[in-house]
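Input: a single structure, listed below in structure tokens.
Each chain gets a letter, A, B and so on, in the order the sequences are listed, and its residues count up from 1.
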Number of protein chains: 2
Amino acid sequence: MTRFASGLTLATTASLIGDVARANILCTLTGGQALTAGELAHHAGVSAQTTSGHLAKLVDAGLITVVKQGRHRYFKLSGPRVADMLETLMGAADLGPARHRPVGPRDEALRRARSCYDHMAGRYAVELAARLEDRGLVVLSDEGGYVTEQGSSFFALIGLDLDQPAARRRPLCRCCLDWSERRFHIGGRLGAALFAHAERENWVARLPGSRALRVTRKGEQAVSGGSWRCEAVEPPAALPRALAISV
Amino acid sequence: MTRFASGLTLATTASLIGDVARANILCTLTGGQALTAGELAHHAGVSAQTTSGHLAKLVDAGLITVVKQGRHRYFKLSGPRVADMLETLMGAADLGPARHRPVGPRDEALRRARSCYDHMAGRYAVELAARLEDRGLVVLSDEGGYVTEQGSSFFALIGLDLDQPAARRRPLCRCCLDWSERRFHIGGRLGAALFAHAERENWVARLPGSRALRVTRKGEQAVSGGSWRCEAVEPPAALPRALAISV
DNA sequence: GCATCGCTTCGGCGCGGGCCGAAGCATCGG
DNA sequence: CCGATGCTTCGGCCCGCGCCGAAGCGATGC
């Protein structure tokens, strides 16, 4: 008797994600890139017309947005909140008893390193986060994360831009529980800036048509190789040019 | 072609929630109480046998757990993480364009005050949170929340137990974005303790068979009535017994 | 023992919705 | 102009699954 409207909205949202094709589309878009309907159809493993219908529903629900460009239509997640929601949902997937989870080679690549909308996730990201915490640059916990004083100055030093006014309302440092590693990685503005830095410095490279990231040798060394040494990029005038900052 | 196992697990979890009857069951259980199969059937608006099937699936997926007692079986959410996940999902529901959302009187009660697993949500909880923040007892933000020094001593003073070892790993103060109010309320250990305090002090009372809470006049006054005065419960020896602490 | 209650299992019905083929519009290139 | 490409709309097929009636099973009470 007590059917809440809340229950209904919950169901409609969830059933939107509860279709395999649509879930694949969303998973793919969680990589953070904008993709065309055709590419998404390919990833979802269904025909173009079917995909078109799915995309229409997702757009209508506000989960994804579309920009028209020439004769292509590019789709992307409508914001970080959607990505977070999806990862939360994925995290809830393994609350159940450890059941046979089919794991393809493709998934192994994802577990290693992947983009998660605008930051990184997977083993690599988790290790990076742990490293930063070890060195006292950030503090991560269930309660959320924050950047220490040393962290602030260090991130400024290596040229991370953490103060874009546009993104002001967004958390600086969010702790995401990594669904594959079940440990923390760093999201929020800091996470986005770290990802940008990692791409700029060639630590990781996006693999075409996938969320998976290739970790370069340089990227390896930067994080797990003894000490993360970061050759000062545009060092402040006061510092000697060649200074290698060990984190 | 690139079908990730991740997409599949995402879909299975989501489709589990994506059924109206199951969503109603979950919504009801989000109240935090353990309910029998029969009660849940009533709330979901379907027959007992149908409900039984749904409950089996939810238990199997680990979203809810069951304890047998006499000839009843009591079901409850398997933990706060599930409740958080559901609220996150609800929050994503209104990313879309403002569409006609049927709002019954029942929902109005929920918007006013409801239990959210083990803490409070709705207008009342949001106001309470804002109050605590105004008085400098907690700091709430997108980044997560924390309890200030003054907050620590105050909460200790009024007898909130925030250090149960069992719940150690759980965040002390989580900021939940309230789906109905779109502002923060307080979750985590502090949220749970506040709810317990509010019940003990008769600020709110659970309405039978619903997540909705009735706010008593005392509860009103405590939060919105000028200043929140909290008659010292078991005051530390150093303080005069009759001291009314204005928050 | 039998009756009742609470819940589960089984079987079959029916509808919703995902799927594709074919056709219909746009955009771009020649 | 015409064809090719990218995407959408329309129609109809069909599978999956949510639903209930009926029966089964355990626990309680008399």
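For C:dG17, neither phosphate oxygen OP1 nor OP2 lies less than 4.0 angstrom from any side-chain nitrogen or oxygen of A:His54. Within the structure, a side-chain polar atom (N or O) of A:Arg73 is placed less than 4.0 Å from OP1 or OP2 of D:dT8. At least one side-chain nitrogen or oxygen of B:Thr50 sits closer than 4.0 Å to the OP1 or OP2 atom of D:dC20. Between A:Lys57 and C:dG18 there is a side-chain N or O to OP1 or OP2 distance below 4.0 Å. For the pair A:Ser47 and C:dC19, the criterion of a side-chain N or O lying under 4.0 Å from OP1 or OP2 is not met.
With D:dC19, C:dC7, C:dC19 as the candidates, the nucleotide lying closest to the side chain of A:Ala21 is C:dC19. Side-chain proximity of A:Arg22 to the nucleotides C:dG18, D:dG18, C:dT8 is greatest for C:dG18. Which of D:dC19, C:dT9, C:dG6 sits closest to the side chain of B:His72 comes down to C:dG6.
One atom, CG of A:Leu35, and another, C1' of D:dG6, lie 15 Å apart when rounded to the nearest Å. Here the P atom of nucleotide D:dG18 and the CG atom of B:Leu55 are 13 Å apart, to the nearest Å. In this structure, the NE2 atom of B:His42 is 14 Å from the P atom of C:dC7, given to the nearest Å. B:Arg71 has its CZ atom 6 Å from the P atom of C:dG6, to the nearest Å. The interatomic distance linking B:Tyr74 (OH) with C:dG6 (C1') rounds to 11 Å, in whole Å. The distance from atom CG of A:Leu58 to atom C1' of D:dT8 is 16 Å, rounded to the nearest whole Å. Protein atom CD1 of B:Ile25 is 12 Å distant from nucleotide atom P of C:dC7, rounded to whole Å. The interatomic distance linking A:Gln69 (CD) with D:dT5 (C1') rounds to 16 Å, in whole Å.
Residue A:Asp19 is the one, among A:Gln49 and A:Asp19, whose nearest nucleotide of DNA chain C lies closer to the 5' end (criterion: closest heavy atom).
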Kindly list each side-chain donor-acceptor pair under 3.5 angstrom involving residues 70-92 of chain A, sequence neighbours excluded, with atom names and distances?
| residue | atom | partner | partner atom | Å |
| --- | --- | --- | --- | --- |
| A:Ser78 | OG | A:Gly62 | O | 2.7 |
| A:Ser78 | OG | A:Leu63 | O | 3.0 |
| A:Arg81 | NH2 | B:Gly91 | O | 3.3 |
| A:Asp84 | OD2 | A:Arg174 | NE | 3.4 |
| A:Glu87 | OE2 | A:Arg211 | NH2 | 3.2 |
| A:Thr88 | OG1 | A:Asp84 | O | 2.8 |

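Counting non-hydrogen atoms under 4.0 angstrom, A:Gly53 reaches nothing in the nucleic acid. Looking at heavy-atom distances under 4.0 Å, A:Thr51 makes no contact with the nucleic acid at all.
Between A:Glu127 and A:Arg112 there is no salt bridge, since no side-chain nitrogen of the basic residue lies less than 4.0 Å from a carboxylate oxygen of the acidic one.
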### Task
For the pair A:Leu213 and A:Phe195, evaluate side-chain contact (heavy atoms from CB on, under 4.5 Å) and give the outcome as yes or no after the intermediate values.
CA-CA 11 Å; A:Leu213 298 172; A:Phe195 186 22; 4.0 Å; yes
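Ring geometry for A:His119 against A:His185 counts as tilted: the plane angle lies between 30° and 60°, on a 0 to 90° scale.
The structure places CZ of B:Arg123 at 8.5 Å from CZ of B:Arg111, a figure rounded to the nearest 0.5 Å.
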